[in-house]
Engineer: 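This structure is in structure tokens; I'll ask about it shortly.
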Amino acid sequence: MTRELEIAQNLAKVRERIAKAAASSDRNLEEITLIAVTKNFPVSDAQILYELGIRDMGENRDEEGARKSEQLPADIAWHFQGQIQSRKIKSIASWADVVHSLDSLSHAEKFAALVEGKPIEFFLQINLEPEREDRGGIAPNALEEFLDQLKVKTEIVPIGLMTVAPIDQDPTRSFLKLAQLGKVAKVSKLSMGMSGDFEAAIAAGATHIRVGSSILGSRGYRA
Ligand SMILES: *Cc1c(COP(=O)(O)O)cnc(C)c1O
């Protein structure tokens with residue numbers, strides 16, 4: 001089987017799963033954006049996805065995103081969803097259209113100084129298991145204070161919240177929690193749901209799902 005056919009079949013299955021999940025929770029398909037996560041896969045795979053109609057792609061690393069965005073058509077929205085390193089912000093801002101992983105005020109101030117030339121949309125990443133500090137994200141009980149400070153210090157108005165559901169917990173509970181925090185933050189977008197749990201995310205109100213391995217296969221077997 002060619003790589004084109006393999007990706008086309010996987011993508012068709014994912015689109016079918018999305019349609020089913022949307023139908024069974026009375027969600028409109030148009031309000032759900034599928035972000036194909038292309039991290040660790042070659043530019044040629046991203047090119048195939050482009051030809052299959054994908055216009056939203058997700059990357060976790062600055063160098064990889066910069067390289068791929070340069071080599072692919074300009075009408076792709078690039079989503080940065082990895083951990084942000086301060087010294088990479090200038091570069092990230094040069095290619096990313098949407099940043100899903102903002103969780104620091106100093107990073108926000110750095111981005112704010114760069115976004116004048118090129119608008120970027122921001123999601124705030126929430127850490128639903130704040131006792132684990134190795135995870136990125138704002139603790140739920142620190143969100144309101146973060147939003148207040150963000151308003152004081154920058155012009156950035158986040159469009160939504162993002163999370164990665166903790167592996168050892170019921171994803172539905174995590175996603176409902178994020179939806180509830182979205183109301184507190186008065187944002188309309190929710191970036192949640194990956195290959196293994198996006199149906200539950202859609203049922204809980206996800207507007208952006210970030211799907212990698214269900215479309216491109218397991219990472220590492222190709223790189
Ligand atoms: C890798 C990654 C994804 C995609 O995960 P899959 O399980 O391959 O679909 C989504 N979101 C984030 C933040 C990721 O790092």
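When reading the values below, keep in mind they use all heavy atoms of this one structure, side chains included, and skip hydrogens, waters and symmetry mates. In listed order, ligands and their atoms are each counted from 1.
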Engineer: Just the distances, no angles: every ligand 1 N or O to protein N or O pair closer than 3.5 Å, one line each.
Structural biologist:
residue	atom	partner	partner atom	Å
ligand 1	8 (O)	S213	N	2.8
ligand 1	8 (O)	S213	OG	3.0
ligand 1	8 (O)	R219	NH1	2.8
ligand 1	8 (O)	R219	NH2	3.3
ligand 1	9 (O)	S195	N	3.0
ligand 1	9 (O)	S195	OG	2.5
ligand 1	9 (O)	G212	N	2.8
ligand 1	11 (N)	R210	NE	2.9
ligand 1	11 (N)	R210	NH2	3.4
ligand 1	15 (O)	K39	NZ	2.7
ligand 1	15 (O)	N60	ND2	2.8

Engineer: Applying side chain to side chain donor-acceptor pair (under 3.5 Å) as the test, list every pair that has at least one member in residues 155-184; sequence neighbours left out.
Structural biologist: none

Engineer: With sequence neighbours excluded, give me every salt bridge (charged side-chain N to carboxylate O under 4.0 Å, His left out) pair touching residues 87-96.
Structural biologist: E63-K88

Engineer: Tell me, please, which residues at least two apart from F146 pass ring-ring contact (aromatic ring centres under 6.0 Å, His included).
Structural biologist: none

Engineer: In Å, rounded to the nearest 0.5 Å, how long is the span from CD1 of I215 to CD1 of I54?
Structural biologist: 5.5 Å

Engineer: So does K39 pair up with E64, basic N to acidic O under 4.0 Å?
Structural biologist: no

Engineer: Less than 6.0 angstrom separating the ring centers of H208 and F123, yes or no?
Structural biologist: yes

